[in-house]
K.L.:
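Here it is, the structure in full.
On a predicted model such as this, the values are computed, not experimentally measured, just so you know. Quick note on labels: first sequence line is chain A, next is B, and so on, each numbered from 1.
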There are 2 protein chains.
Amino acid sequence: MRLSKRGEYGMRAMILLANQKAESDIHFMQIKEIAQREQIPSKFLEQILLTLKNAGLVNSKMGVNGGYYLSKPANEITLGQVFRVLDGPLAPIRCVSQMAYEPCGCPDEESCGLRLVMLDVRNAISDILDNTNLEQVAQRVENVRNKQPSLNPLNSDF
Amino acid sequence: MRLSKRGEYGMRAMILLANQKAESDIHFMQIKEIAQREQIPSKFLEQILLTLKNAGLVNSKMGVNGGYYLSKPANEITLGQVFRVLDGPLAPIRCVSQMAYEPCGCPDEESCGLRLVMLDVRNAISDILDNTNLEQVAQRVENVRNKQPSLNPLNSDF
DNA sequence: TTTATAGTCTACTATTATAGTAAACATACT
DNA sequence: AGTATGTTTACTATAATAGTAGACTATAAA
């Protein structure tokens with residue numbers, strides 16, 4: 001589980017799209033606007049959104065006033081899904097991956113200490129990302145924005 | 001958190017060294033032997049062990065009957081330490097890294113939804129790797145080996 | 001004191017992933 | 001018809017990964 005730039009940009013774009021959806025029901029958001037608001041190179045973002053579209057997570061409309069939008073309600077898209085599309089398996093090592101298992105070459109997988117621990121890690125990651133959807137993230141963002149208008153910028157609990 | 005081949009090989013070597021230490025008090029284990037038992041290219045393993053030595057996690061003795069051994073008791077070396085030496089920060093993204101923080105370029109870090117979630121992920125990973133030491137891994141391996149003597153047909157103990 | 005053994009160090013290579021850029025093309029609204 | 005938008009293909013530069021090769025150095029036993 002390491003987030004590449006592609007993954008980071010794609011996740012941020014999806015979260016932004018989820019926020020938009022909450023505001024007006026179907027808003028076509030253009031690459032240029034997303035790129036500007038999230039500080040992402042727009043040509044790179046183009047590739048990323050295309051990948052997400054091919055995976056069925058977003059749709060788009062061409063032409064004037066076109067743009068991108070989530071293909072499903074925000075609460076039906078998990079961060080795990082987005083991550084897997086852009087950065088592959090959640091597992092830190094293939095021998096504990098659910099979606100892309102491969103033997104790693106250790107002499108005995110059953111009693112491989114590394115594998116036992118990494119399986120725990122994979123499950124911990126999955127517990128978070130597969131159980132967090134875009135709506136929940138958008139909600140968290142809003143909570144932070146509302147609850148602290150002017151307190152200590154380093155403190156995130158109040 | 002993604003384990004490279006370097007990381008995987010290094011972790012497996014460390015776990016093997018931890019097992020050896022339990023058996024005879026100071027046993028110098030040679031690169032060749034580790035490479036053979038763990039199926040690791042020995043020239044690559046050489047580099048990895050050197051890195052671990054420079055980080056102070058193992059020591060070595062040159063010459064006839066030389067080899068490598070853990071520089072500290074197995075219960076004082078965590079998987080987190082080994083991982084960081086070979087594969088860098090645990091965090092999936094730099095903006096939530098404790099050891100190698102860097103801003104990621106989002107417009108407002110405080111209210112970045114991605115960052116909030118990734119911080120949870122980082123902490124979940126750290127909870128496991130920074131609280132698991134080589135002795136515990138060795139113990140887990142032994143438990144598996146003892147408790148299932150003949151279930152797995154690939155088991156090489158019989 | 002020679003010799004075999006074992007780690008050390010410096011270079012080099014091949015492949016893949018990352019992070020883009022550029023330009024032609026297709027579609028849809030006015 | 002023209003313009004704004006997404007689509008597709010092709011290209012590039014840099015870095016990381018996964019090694020390999022070979023010379024060098026230290027140790028201990030014969």
K.L.:
Rounded to the nearest angstrom, tell me the gap between atom CZ in B:R2 and atom C1' in C:dT18.
P.N.:
13 Å
K.L.:
Separation of B:N59 atom CG from C:dA6 atom P, in whole Å?
P.N.:
19 Å
K.L.:
Hydrogens and angles aside, do A:D108 and A:S111 bring a side-chain donor and acceptor to less than 3.5 Å of each other?
P.N.:
yes
K.L.:
Carefully, step by step, assess B:R122 and B:D127 under the rule salt bridge (Lys or Arg N to Asp or Glu O under 4.0 Å).
P.N.:
CA-CA 9 Å; B:R122 192 218 84 92; B:D127 277 348; over 6 Å; no
K.L.:
Under the side-chain contact (heavy atoms from CB on, under 4.5 Å) rule, what do A:M118 and B:M1 come out as? Steps first, then yes or no, please.
P.N.:
CA-CA 11 Å; A:M118 288 301 149; B:M1 229 295 291; 4.2 Å; yes
K.L.:
Between B:K53 and A:S42, which has a closest nucleotide on DNA chain C that is more 5'?
P.N.:
B:K53
K.L.:
Nearest whole Å is fine: how far is C:dG7 P from B:Y69 OH?
P.N.:
12 Å
K.L.:
Return a single string for nucleotides 22-30 of chain C, one symbol per nucleotide in 5' to 3' order, where B is base contact, S is sugar-phosphate-only contact and - is none, cutoff 4.0 angstrom on heavy atoms.
P.N.:
BB--BSSS-
K.L.:
Working to the nearest 0.5 Å, report the span between CZ of A:F28 and CG of A:N65.
P.N.:
9.0 Å
K.L.:
In whole angstrom, what separates A:R6's CZ from C:dT16's P?
P.N.:
16 Å
K.L.:
Rounded to whole angstroms, how far apart are CG on B:L17 and P on C:dG7?
P.N.:
11 Å
K.L.:
Atom CE of B:M29 and atom CG of B:L16: how far apart are they, to the nearest 0.5 Å?
P.N.:
4.0 Å
K.L.:
Would you mind reading off the distance between B:K32 atom NZ and C:dA4 atom P, rounded to a whole angstrom?
P.N.:
14 Å
K.L.:
Cut-off 3.5 Å, side chains only: do B:D87 and B:S4 have a donor facing an acceptor?
P.N.:
yes
K.L.:
Over all strands shown, is B:L49 touching base, sugar-phosphate only, or nothing at heavy-atom distances under 4.0 angstrom?
P.N.:
nothing
K.L.:
Under the side-chain contact (heavy atoms from CB on, under 4.5 Å) rule, what do B:L17 and B:Y69 come out as? Steps first, then yes or no, please.
P.N.:
CA-CA 6 Å; B:L17 285 175; B:Y69 58 99; 5.5 Å; no
K.L.:
Which whole-number value in Å describes the distance from B:L50 CG to C:dA6 C1'?
P.N.:
13 Å
K.L.:
Check whether any side-chain nitrogen or oxygen of B:S60 sits under 4.0 Å from OP1 or OP2 of C:dT8, and answer yes or no.
P.N.:
yes
K.L.:
Mind calculating the distance between NZ (B:K5) and P (C:dT16) to the nearest angstrom?
P.N.:
14 Å
K.L.:
On DNA chain D, which is the earliest and which the latest nucleotide, 5' to 3', with an atom closer than 4.0 Å to a heavy atom of chain A?
P.N.:
D:dA4 to D:dA10
K.L.:
How about A:S60 and A:K53: does a side-chain donor come under 3.5 Å of a side-chain acceptor?
P.N.:
yes
K.L.:
Is there a donor-acceptor contact under 3.5 Å from the side chain of A:E76 to the main chain of A:P73?
P.N.:
no
